[in-house]
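The figures here come from the full heavy-atom set of this structure, side chains too, leaving out hydrogens, waters and symmetry mates. Order of listing sets the numbers, starting from 1, for every ligand and every atom in it. Start at 1 with the first residue, then count along the sequence.
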Amino acid sequence: MNEHILQNALADLSIGEVRYFDTIGSTNDEALAWATESAPDLSLIIADEQTTGRGRLNRKWLTPPGTALAFSLILRPSAADRVHLSRAVGLAALAIAESLRKLHLSSQIKWPNDVLVHGRKIAGILVESVWSGESIDCQVVGMGVNIRQEAIPYRVVLQFPASSLEEALGSAPKREEVLHDILFALIELRPKLGTDEFLKAWEEKLAWRGEQVRIQALDEPPLTAKLLGLDSDGSLRLRDEHGNPVTVHFGDVSLRPAA
Ligand code: BT5
């Protein structure tokens with residue numbers, strides 16, 4: 001992948017400006033800095049390699065050169081979308097899921113920020129916000145998608161089993177084509193962000209819906225409960241073993257099947 005290939009691949013999309021790097025620390029860091037310098041809506045930062053890629057809570061996200069998609073989009077929400085900022089992670093997850101569907105792969109969303117194929121993590125999402133005083137000025141939506149098998153870290157202990165598109169498909173697709181399909185899907189879905197239809201589509205893709213899951217929130221005892229769906233703000237709705245409703249908000253939460 002290089003700047004020229006990217007420009008050709010994304011030519012039919014209405015996105016903002018594009019910045020491509022052979023190597024970078026983290027595309028989210030670059031995007032956060034650029035966002036404060038008035039980058040246009042839907043501007044894209046993409047890198048062939050990340051040396052300090054981040055997951056939630058500053059966990060490491062590895063992107064070795066030539067193996068994966070690592071990019072960040074700058075979203076400047078409309079007045080209507082400001083009410084639904086917490087749905088941005090769902091927007092990204094559904095866009096990735098749609099790009100996988102085009103490759104004839106069925107996927108599930110491991111709430112809140114992972115996309116699974118055959119029960120293994122193929123993509124991770126990191127949404128961060130740029131504040132202006134007390135309100136959010138824009139969001140940076142970072143996505144990492146494992147394209148080749150070499151993208152999967154082997155030196156760090158994985159928190160969840162991982163996979164790649166190469167493994168799922170038998171051969172690696174072109175990165176720029178997958179990127180195109182993710183961005184295309186995101187642009188198509190974005191006007192529906194505030195609708196019930198959007199929430200339903202997000203909910204339908206949830207891994208382990210209707211099943212017992214084990215939830216571990218930071219500094220709290222683990223909870224086993226049945227995963228029911230999502231609240232309007234994207235929080236997880238569950239029912240505990242006594243039949244009581246439980247809501248889990250975004251934060252550092254890890255979700256697993258209970259068995
Ligand atoms: C995530 O965090 O899954 C969010 C990952 C977001 C990465 C993108 S890449 C572009 C943009 N720039 C950035 O710096 N970040 C974003 P979390 O749920 O916290 O998962 C992190 C965990 O995933 C790590 O602790 C590892 O166990 C595991 N991991 C690291 N690299 C991985 C990989 N390539 N594939 C699968 N799992 C990985």
> Got a second to check how far Arg120's CZ is from Ser164's OG, nearest 0.5 Å?
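Reported value, rounded in 0.5 Å steps: 8.5 Å.
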> State the atoms of ligand 1, each with its element, that fall below the 4.0 Å cut-off from a heavy-atom position in Met143.
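The atoms of ligand 1 under 4.0 Å from a heavy atom of Met143 are 8 (C), 9 (S), 10 (C).
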> Which of the numbered atoms in ligand 1 are below 4.0 angstrom from a heavy atom of Ala151?
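Those qualifying, in numeric order: 34 (N).
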> So which of Leu73, Val145, Ile187 actually passes side chain to side chain contact (heavy atoms under 4.5 Å, CB included) with Ile182?
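Output: one option passes, namely Val145.
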> On the 0 to 90° scale, with breaks at 30° and 60°, tag the Trp111-Phe250 ring pair as parallel, tilted or perpendicular.
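Answer is parallel, since the angle falls under 30°.
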> Determine, considering heavy atoms only, which of Gly144, Ala162, Pro153 sits nearest to atom 33 (C) of ligand 1.
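That would be Pro153.
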> Any atoms of ligand 1 less than 4.0 Å from a non-hydrogen atom of Arg54? List them with their elements.
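Answer for ligand 1: 5 (C), 6 (C), 7 (C), 13 (C), 14 (O), 15 (N), 16 (C).
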> Of the non-hydrogen atoms in Arg54 and Asp29, which two are nearest, and what is the gap between them?
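Scanning both residues completely, I find the closest heavy atoms to be NH2-OD1, 2.6 Å.
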> Please identify which atoms of ligand 1 are closer than 4.0 Å to at least one heavy atom of Asn146.
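So the atoms of ligand 1 that pass are 33 (C), 34 (N), 35 (N), 36 (C).
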> If you measure from OG1 on Thr27 to CH2 on Trp61, what distance do you get to the nearest 0.5 Å?
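Rounded to the nearest 0.5 Å, the OG1-CH2 separation comes to 11.5 Å.
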> Within the structure, is a non-hydrogen atom of Ile152 found at a distance of less than 4.0 Å from ligand 1?
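Per 4.0 Å heavy-atom rule, Ile152 does not contact ligand 1.
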> With heavy-atom distances below 4.0 Å as the criterion, list the atoms of ligand 1 near Leu62.
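Selected atoms, number and element: 30 (C), 31 (N), 34 (N).
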> Which option out of Lys121, Lys60, Arg59 puts a heavy atom nearest to atom 26 (C) of ligand 1?
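Residue with the shortest heavy-atom distance to the ligand atom: Lys60.
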> Under a 4.0 Å heavy-atom limit, does Asn113 contact ligand 1 with its side chain, its backbone, both, or neither?
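The answer is the side chain.
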> Is it the side chain, the backbone, both or neither of Ala68 that has a heavy atom closer than 4.0 Å to ligand 1?
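The answer is neither; Ala68 stays 4.0 Å or more away.
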> Give me the atom names and distance for the closest heavy-atom approach of Ser129 to Ile136.
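The pair with the smallest heavy-atom distance is OG-CD1, 3.5 Å.
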> What are the two closest non-hydrogen atoms of Ile96 and Ser99, and how far apart are they?
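Closest heavy-atom pair between Ile96 and Ser99: O-OG, 2.7 Å.
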> Can you see which heavy atom on Asp137 is nearest to which on Pro77, and at what distance?
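That would be O-CD, 3.8 Å.
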> Below 4.0 Å, non-hydrogen atoms only: which portion of Phe71 touches ligand 1? Side chain, backbone, both or neither.
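The answer is the backbone.
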> Can you list the ligand 1 atoms lying under 4.0 Å from a non-hydrogen atom of Gly53?
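What qualifies from ligand 1 is 14 (O).
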> Calculate, to the nearest 0.5 Å, the distance between atoms CZ and CG belonging to Arg214 and Leu227 respectively.
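Rounded to the nearest 0.5 Å, the CZ-CG separation comes out at 15.0 Å.
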> Return the option from Leu158, Thr52, Ile46, Thr27 holding the heavy atom at the smallest distance from atom 11 (C) of ligand 1.
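Closest candidate by heavy-atom distance is Thr27.
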> Test your reading of the structure: does Gly142 have an N or O sitting under 3.5 Å from an N or O of ligand 1?
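There is no such contact.
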> Taking only heavy atoms of Asp114, which atoms of ligand 1 are found under 4.0 Å from at least one of them?
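So the atoms of ligand 1 that pass are 3 (O), 18 (O).
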> Between Ser86 and Asp233, is any side-chain donor less than 3.5 angstrom from a side-chain acceptor?
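There is no such pair (donor and acceptor under 3.5 Å, judged by atom type) between the side chains of Ser86 and Asp233.
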> What atoms of ligand 1 come closer than 4.0 angstrom to any heavy atom of Gln50?
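Per the distance check, 9 (S), 10 (C), 11 (C), 12 (N), 13 (C), 14 (O).
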